[in-house]
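To keep things clear, I will list the structure first and then write my remarks on it.
Positions are given from 1, in the same order as the sequence printed here.
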Amino acid sequence: MKQGVVRALSIPAAKQLALRPMLNEFTAIPGGDATGYKWAVGNALEVLADDTVFEEIAAICLDKSHGESREMVVLALAKMKNPKAVEVAEQLLDDEEVAGHALIVLRKKGATKSREKIEQFLNHPKTWYRTEARKALAKFDKIEAKARNA
């Protein structure tokens with residue numbers, strides 16, 4: 001039932017009402033949640049989060065005790081205007097549980113300065129990590145070509 005409520009509040013219109021309670025709920029749930037409830041709360045945070053909670057989101061992303069439940073929270077970094085979001089995503093490239101999601105963030109942010117770190121994923125054992133690395137590098141190529149032609 002709680003998961004249904006979380007999913008119902010996972011809409012932008014609920015941001016003012018739900019953002020702080022979702023942050024509190026996520027951190028209150030033990031790290032090894034096998035039910036998927038914590039992941040659902042993390043998914044809600046991805047929808048609701050904005051720069052007003054950047055520090056809290058960054059802390060959750062970097063706290064390995066939250067395990068794979070951080071995956072969607074990491075994606076919230078892509079919406080953040082705070083320049084530290086790229087730094088956090090780069091740090092997460094060393095965290096096997098969420099590195100693929102960090103690649104997505106860096107691609108969406110157009111973090112061309114992360115190119116060298118992303119290139120290391122071109123030979124990663126996980127196919128989707130390699131795919132995300134290729135997508136990011138292709139986007140960076142377009143950004144850099146556009147800058148050269150400007």
Side-chain angles (χ1 to χ4, degrees), residues 1-140:
M1 180 175 278
K2 283 174 71 174
Q3 196 167 27
V5 171
V6 166
R7 291 186 189 283
L9 293 173
S10 299
I11 58 170
K15 183 182 292 196
Q16 295 229 346
L17 170 72
L19 180 55
R20 287 282 165 194
M22 290 294 177
L23 280 168
N24 295 337
E25 184 72 0
F26 188 90
T27 56
I29 303 165
D33 171 42
T35 66
Y37 174 62
K38 186 169 187 162
W39 188 94
V41 175
N43 185 60
L45 286 172
E46 189 276 329
V47 172
L48 301 171
D50 59 25
D51 279 285
T52 65
V53 292
F54 173 77
E55 295 300 327
E56 293 96 325
I57 292 295
I60 287 170
C61 291
L62 294 168
D63 185 348
K64 290 185 178 192
S65 72
H66 295 299
E68 290 180 351
S69 298
R70 298 173 292 152
E71 291 174 341
M72 298 307 288
V73 182
V74 170
L75 293 183
L77 294 171
K79 300 186 316 187
M80 305 284 178
K81 291 177 177 55
N82 189 319
K84 291 182 184 176
V86 169
E87 294 173 26
V88 173
E90 283 182 344
Q91 288 179 47
L92 294 172
L93 292 175
D94 295 327
D95 184 335
E96 190 61 31
E97 288 182 309
V98 295
H101 293 78
L103 288 166
I104 294 169
V105 171
L106 293 169
R107 173 178 48 87
K108 287 184 174 185
K109 305 269 311 154
T112 58
K113 292 182 180 174
S114 303
R115 177 182 288 277
E116 193 173 302
K117 293 177 182 180
I118 291 172
E119 286 173 343
Q120 297 173 14
F121 285 87
L122 292 174
N123 296 313
H124 195 277
K126 290 185 179 178
T127 303
W128 81 273
Y129 281 25
R130 294 191 306 269
T131 301
E132 286 303 327
R134 283 192 299 274
K135 285 183 189 177
L137 295 171
K139 180 176 182 176
F140 297 169

**Message:** What verdict does the side-chain contact (heavy atoms from CB on, under 4.5 Å) test give for K38 and F26, after you've listed the backbone C-alpha separation in whole Å, the side-chain angles of each residue and the deciding distance to 0.1 Å?
**Reply:** CA-CA 6 Å; K38 186 169 187 162; F26 188 90; 3.6 Å; yes

**Request:** Start with the C-alpha distance between H66 and W39, add both sets of side-chain angles, then the distance that settles ring pair (Phe, Tyr, Trp, His ring centres under 6.0 Å), and finish with yes or no.
**Result:** CA-CA 9 Å; H66 295 299; W39 188 94; over 10 Å; no

**Request:** Output, in order, the C-alpha distance, side-chain angles, deciding distance and verdict of side-chain contact (heavy atoms from CB on, under 4.5 Å) for L122 and L137.
**Result:** CA-CA 10 Å; L122 292 174; L137 295 171; 3.8 Å; yes

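Using a cut-off of 4.0 Å between Lys/Arg side-chain N and Asp/Glu carboxylate O, K84 and E87 are scored as not salt-bridged. Looking at R20 and E56, a side-chain N of the basic residue comes within less than 4.0 Å of a carboxylate O on the acidic one, giving a salt bridge. We find that R70 and E97 are joined by a salt bridge, their nearest charged nitrogen and carboxylate oxygen being less than 4.0 Å apart.
The side-chain heavy atoms of L19 and T52, taken from C-beta on, include a pair separated by under 4.5 Å. The side-chain heavy atoms of Y37 and S69, taken from C-beta on, include no pair separated by under 4.5 Å. In this structure the side chain of L103 never reaches within 4.5 angstrom of the side chain of W128, judged on heavy atoms. The shortest side-chain heavy-atom distance between V73 and V98 does not fall under the 4.5 Å cut-off. Counting heavy atoms from C-beta outward, N43 and L75 have side chains that stay 4.5 Å or more apart. In this structure, D95 and K64 have side chains that are in contact, with non-hydrogen atoms separated by less than 4.5 Å.
Donor-acceptor pairing under 3.5 Å is lacking for the side chains of Q120 and Y129. R115 and T112 share no side-chain donor-acceptor pair at under 3.5 Å. Defined by atom type and a distance below 3.5 Å, a donor-acceptor pair is present between the side-chain atoms of H124 and E96.
The two residues V47 and K79 have their closest heavy-atom pair at O-NZ, 2.9 Å. For the pair M22 and A44, the tightest heavy-atom approach, listed with the atom from each and the gap, is SD-CB, 4.0 Å. Residue L92 comes nearest to C61 through the heavy atom pair CD2-O, 3.3 Å, listed as atom of the first residue, atom of the second, then distance. Taking every heavy atom of both residues into account, G100 and E132 meet most closely at O-CG, 4.5 Å. Across all non-hydrogen atoms, the minimal contact from V105 to A78 is CG1-N, 3.8 Å. Nearest heavy-atom pair across L77 and K109 is O-CD, 3.7 Å.
K139 NZ to L106 CG: the interatomic distance, rounded to the nearest 0.5 Å, is 10.5 Å. Between the CG atom in N24 and the CD1 atom in I29 there is a gap of 11.0 Å [rounded to 0.5 Å]. Atom CD1 of I57 and atom CG of L45 lie 5.0 Å apart (nearest 0.5 Å). In this structure, CD1 in I118 is found 8.0 Å from CD in E90, a value given to the nearest 0.5 Å. Atom CD of residue E119 and atom CZ of residue R134 lie 13.0 Å apart, to the nearest 0.5 angstrom. Interatomic distance, OG1 of T27 versus CG of D63, reported as 9.5 Å (0.5 Å rounding).
Proximity of a side-chain donor or acceptor of D51 to a complementary backbone N or O of M80 within less than 3.5 Å is not detected. A donor-acceptor pair is defined here as one N or O able to donate and one able to accept, closer than 3.5 Å; no such pair exists between the side chain of R107 and the backbone of A133.
Other residues, nucleotides and ligands contribute only 12 or fewer heavy atoms inside 6.0 Å of the NZ atom of K117.
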